[in-house]
S.K.: 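Please find one structure pasted underneath; my questions will follow.
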Protein chains: 2
Amino acid sequence: MPRVSRAQAVQNRERPVQAAELFRERGVDHVSVQDIMAAVGLTHGGFYRQFESKEALLPEAARHAYDSMAARLTELDASVADHTAAQRRFIQTYLSPSHRDHPGQDCPTAGLVQDIARTSSAETRDLLTSGVADLGEWLDQPGRDGLVTACTLLGALLVARAAAGSPLSTQVLEQVRAALISPT
Amino acid sequence: MPRVSRAQAVQNRERPVQAAELFRERGVDHVSVQDIMAAVGLTHGGFYRQFESKEALLPEAARHAYDSMAARLTELDASVADHTAAQRRFIQTYLSPSHRDHPGQDCPTAGLVQDIARTSSAETRDLLTSGVADLGEWLDQPGRDGLVTACTLLGALLVARAAAGSPLSTQVLEQVRAALISPT
DNA sequence: TGTTTTAGATGACGTGTATCATCTAAAACA
DNA sequence: TGTTTTAGATGATACACGTCATCTAAAACA
């Protein structure tokens, strides 16, 4: 049990940060330190060697999540003809039933807004803030303010999640999708 | 201390439901049964005479909140010239710094989406669902889908709350306000 | 006024969980 | 190969909270 190779150890240090996608799925309060470490195959003990506290994990998790999101945006741009196509593609995916049903992946803002709004350090708030701002810029279009688009996406996704099960859920996704993709 | 008049008792039964605005402020998990009862001037003991469990309070609180929101919309319509003016007024208020800073009041959806998405009974989800649907209808405009507007408002408010303190917070409010009120 | 009812108070109980002190064996290095 | 270092395991502590059984005094009613 104790002592793995130095390389392993370094790698392990990253894993709780990734496992913190549980935060996005269930909400910070519904994830225990044990849950996180168990998801990584370790026991709760080692946690406090790496992190000050459970609270301190949130900003690291947020940073990690926003980084991968940024990476995904770049990829998206590279994979299609022009930026407009990328934007359209992003919106489609963002408002897909699959994204609705898997909060652990993709948009960190959707999973964390509320938790961040309530408890967080300035650092964490800044991460969210600039994450949203960046997305807003990326979504900018001639006739439409990207920041507004970002808010619409976020709101729609959250409503769709809360309404999951009801027909309104899918309806919201589709109606918003239509509105954002067609002109003006 | 025990035993108040029958009328008082009936009235008291309503008060925890109102006090559950704390749910919207802090999130369900950060409000204890004691907090709720204390807010009402009572002790935690009486709670379980009135409610099955803490969980059972959420739907009642949600219903209460959506009811008062509906009432406010009606009032708004009565207080201004036409429906369009009422809509404009609503959006202004919804995206005001004051609304941002007082999550206990006004929009129940903004305070509860996440909590409802995660844990709730079908009943609670339905409350949110129809609350959003109703608001969407109310916000409908010739050129703009009301449901989409509702999502935009929600998203903007949540971002503004999470970003509170940063300049982006106010910027989001203003930018979205501008986009929703000007034509198209 | 005496009896009955019951709103609300008190005080436990059990559980879940963050945190920390301590222990261990294996890796690293001599 | 012997010594030192340390990643991670174990177990204990402390506390917050939901829930409930029990108690009380005053209101309701005769």
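So you know, we letter chains A, B, ... as the sequences are listed, proteins then strands, and number each from 1. Keep in mind that what you see is a predicted model, and the values were worked out from it rather than measured.
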S.K.: Rounded to the nearest 0.5 Å, what's the gap from CG on B/Asp126 to CZ on B/Arg63? Could you check?
M.R.: 9.5 Å

S.K.: Let's see if you can work this out: which of C/dA7, C/dT19, D/dT19 has an atom nearest to the side-chain heavy atoms of B/Arg49?
M.R.: C/dA7

S.K.: Nearest whole angstrom, please: distance from the C1' of D/dC17 to the CE of B/Met37.
M.R.: 15 Å

S.K.: Taking CD1 from A/Ile36 and C1' from C/dG16, how many angstroms apart are they, rounded to a whole number?
M.R.: 15 Å

S.K.: Measure from the side chain of B/Ser32, starting at C-beta and using heavy atoms only, and say which of C/dA9, C/dA7, D/dG18 lies closest.
M.R.: D/dG18

S.K.: Give the rounded distance in Å between these two atoms: CZ of A/Phe47 and P of C/dT22.
M.R.: 21 Å

S.K.: For the pair made of CG in A/Asp35 and P in C/dG16, what is the distance, rounded to whole Å?
M.R.: 12 Å

S.K.: Figure out the CZ/P separation between A/Phe51 and C/dT19, and round it to whole Å.
M.R.: 13 Å

S.K.: NA contact type, A/Val40, heavy-atom cut-off 4.0 Å: base, sugar-phosphate, or nothing?
M.R.: nothing

S.K.: Check whether any side-chain nitrogen or oxygen of A/Tyr48 sits under 4.0 Å from OP1 or OP2 of C/dT19, and answer yes or no.
M.R.: yes

S.K.: Rounding to an integer number of Å, can you tell me how far B/Gln34 CD sits from C/dT10 C1'?
M.R.: 11 Å

S.K.: Evaluate the criterion side-chain contact (heavy atoms from CB on, under 4.5 Å) for residue pair B/Arg177 and B/Tyr94; output intermediate values, then yes/no.
M.R.: CA-CA 9 Å; B/Arg177 189 136 62 160; B/Tyr94 196 100; over 6 Å; no

S.K.: Let's see if you can work this out: which of C/dA9, D/dT19, C/dA7 has an atom nearest to the side-chain heavy atoms of B/Leu42?
M.R.: C/dA9

S.K.: Just by distance, no angles: are the side chains of B/Asp35 and B/His30 close enough, under 3.5 Å, to form a donor-acceptor pair?
M.R.: no

S.K.: Would a distance-only check, ignoring hydrogens and angles, find a side-chain to backbone donor-acceptor pair under 3.5 Å from B/Gln171 to B/Ser166?
M.R.: no

S.K.: Does a distance-only test, which skips hydrogens and angles, find a donor-acceptor pair under 3.5 Å between the side chain of B/His44 and the base of C/dG11?
M.R.: yes

S.K.: Is there a donor-acceptor pair under 3.5 Å between the side chain of A/Arg15 and the backbone N or O of A/Gly41?
M.R.: no

S.K.: Respond yes when some side-chain nitrogen or oxygen of A/Gln50 is under 4.0 Å from OP1 or OP2 of D/dG8, and no when none is.
M.R.: yes

S.K.: Taking the minimum atom-to-atom distance to the side chain of B/Val33, which one of C/dT10, C/dT19, D/dG18 wins?
M.R.: D/dG18

